[in-house]
Amino acid sequence: MEQTLALFRSMVESADDAIFGKTLDGIITYWNPAAERLYGYSREEAVGHSVSLIIPPERSEELPDLLARVRRGERVEHYETTRLRKDGTRLEVSVTVSPILDRSGRPVGASAITRDISGQKQTERNLRHVALHDALTDLPNRILFTERVSQALARQRRDPDYRFAVLFLDFDDFKAVNDSLGHEAGDRLLREVATRLRGAGRPGDLVARLGGDEFTVLLEEVSGPEDVERAARRIQRALASPVPLQGRELHVTLSVGAALGESGDYQRPEDLLRDADIAMYGAKAAGPSHYQLFDVPMRARAHARLEMLTDLRNALEREQFRLLYQPVVELKSGRLRGFEALLRWHHPSRGVIQPADFIPLAEETGLIVPIGAWVLAEACRQARRWHCSSPRASPVKISVNLSARQLGHARVVEDVRRALEDPGSSGLALQLEITESMLVGDGNVATDLLAELRRLGVELQVDDFGTGYSSLTYLQRFPLQAIKVDRSFVHRMGARRTDLEIVRSIVDLATTLDLRVIAEGVETPAQRERLIAFGCELGQGFLFAEPLEPAAAIGVLEGPGPVTPCR
Ligand code: C2E
Ligand code: CA
Ligand code: CA
């Protein structure tokens, strides 16, 4: 017995875990060396004192509870809690308390074994943090965000008056920054944005990064749509001042979409995110720095858009595209000078879809690149067919519209080369129409690219002239051959004196710069007369012909003479 006791004593004395004994009132009766190390109190300082010595004030109610259980003879195992050291620091511990029983089985005291689990807890916290935060910006990630939206939904089920909102943020041209400055600069920009977003929220708002340049914000306790918009605007303002990056001042703008969680509209966090995303697309379509709150019809539109996109992806291989050809004529003589190729989509169920209804989507998704390549090839093929079947067709020029996205791609030169390469296209005169906005402003097209296209023998025309920047200086900077005066000016020529003057000065300017002028949308003889009087040489419009099927166009080609005004 003596020996056994001595063995236990030496084990307890040399144990790594802090072990102490206490009375049923919580007075410390024994204190091992590990307890001295863990808590910082020596045996003399501890024994005879209450264990409340090591219990932090916020945990004080634990003690009576623990003692009550000991008195009932219960064992408390691996109880995780916080304890206090002599120096005032806290540690996280796992405690096992066992009652000490007398011969008759009645509890007379207790032993407590305490293990320091602060390190383990910290590791757990780190792991949890990593799992729930974005590595680049340290903002909450999608998982944490979704979890918090779930909690907001749960709160709403308990309290129907509670409203919250999800904002979906997207940079207006992050891709451009990433592409032109590199990924490292892109990363730095994202971190800066994250810092600003964090600062822009109210306490309680949760800013998260879902990935890429997509950020979300959970707004708790909003009063209604105005409140959500105010928050969105505040966030947009936080990014108003430029971000210094690589010696430059970068202006970032955000499109913001919002979904308002109100009176049980939503069941799942994904649905809120989806609707805020849909609203964000709406905001983006309206231009940079816009804000949009989701409403139900938007969902239908987004659905229709998605459907159209699926169809559009298949349209090329299913051969659903056709080109119409609108004659370009000499205004004075009515003689045919060329055709503009205009795209139509023959949709199996929706009929013929006009370019205005699908080109923006094709641009946005990049589908315009393969579609545009097809247009180029098809227009050249058609020109060759005419050339072979009708000798009169040889001087006829064919115009093809290029989109900004196509010009942004070096591949366009290859597409044009290939379209022109086919045998029999020696006499083929191709013209490319590009809009003003592609030459000036952000989407600035490389002059080299235009020069390369020129070397292939194609002519370059500025389309819709007057609707964009109307900066005239750029006309000299680029290797251009013609400008097409936008039909809105031609239409208003009769109505407003200023429009008349504008058209006259455009024609004068073009003549000075040795550029040909083509008036678009000529519909009336009066318009034609005025244009002739100004010295405008070429025109196109319903007065002469609408866009025609190839079979009808050949009639114009082979017809007895000039394309006569049809009205
Ligand atoms: P745009 O280049 O300005 O094309 C001229 C548009 O004016 C055509 O519309 C044509 O049908 C219309 N138009 C012609 N004469 C008159 C007229 O006298 N009065 C009026 N009010 N309109 C007239 P469309 O075919 O609907 O094409 C619309 C736009 O779609 C084109 O504008 C062009 O920007 C774009 N587009 C058409 N085909 C292509 C293409 O193959 N590629 C690209 N990237 N864009 C295309
Ligand atoms: Ca055009
Ligand atoms: Ca045009």
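We count residues from 1, following the sequence as given. Just so you know, ligand 1 is whichever comes first in the structure, and atom 1 is the first atom listed for that ligand.
The backbone N or O of Ala200 lies less than 3.5 Å from a partner atom in the side chain of Arg234, making a donor-acceptor pair. A donor-acceptor pair under 3.5 Å links the side-chain atoms of Arg405 to the main chain of Glu364, judged by distance alone. Between the side chain of Gln527 and the backbone N or O of Thr524 there is at least one donor-acceptor pair closer than 3.5 Å. Checking side-chain atoms of Asp463 against main-chain N and O of Asn401 turns up no donor-acceptor pair under 3.5 Å.
Using a cutoff of 4.0 Å between basic side-chain nitrogens and carboxylate oxygens, Arg230 and Glu226 are not scored as salt-bridged. With respect to Arg504 and Asp508, no salt bridge is recorded, no charged nitrogen being found less than 4.0 Å from a carboxylate O. Using a cutoff of 4.0 Å between basic side-chain nitrogens and carboxylate oxygens, Lys484 and Glu340 are scored as salt-bridged.
Ring-plane geometry between Tyr325 and Phe339 is classed as perpendicular, the angle between the planes exceeding 60 degrees on a 0 to 90 degree scale with a lower cut at 30. The aromatic rings of Phe215 and Phe171 sit perpendicular, their planes meeting at an angle over 60°, well past the 30° parallel limit.
Ligand 1 is surrounded by Gln326, Glu340, Leu342, Leu343, Arg344, Gln354, Pro355, Ile359, Val375, Asn401, Leu402, Ser403, Asp463, Asp464, Arg487, His491, Glu520, Gly521, Val522, Glu523, Gly541, Phe542, Pro547, each with at least one heavy atom closer than 4.0 Å.
Of the candidates Arg516, Lys332, Arg337, Glu537 forms a salt bridge (charged side-chain N to carboxylate O under 4.0 Å, His left out) with just one, namely Arg337.
Within the protein, the N, O or S atoms sitting under 3.0 Å from the Ca ion (ligand 3) are Asp463 OD1, Asp464 OD1, Glu520 OE1, Glu520 OE2.
If you look at Glu340 and ask which of its N, O or S atoms sits nearest the Ca ion (ligand 2), the answer is OE2.
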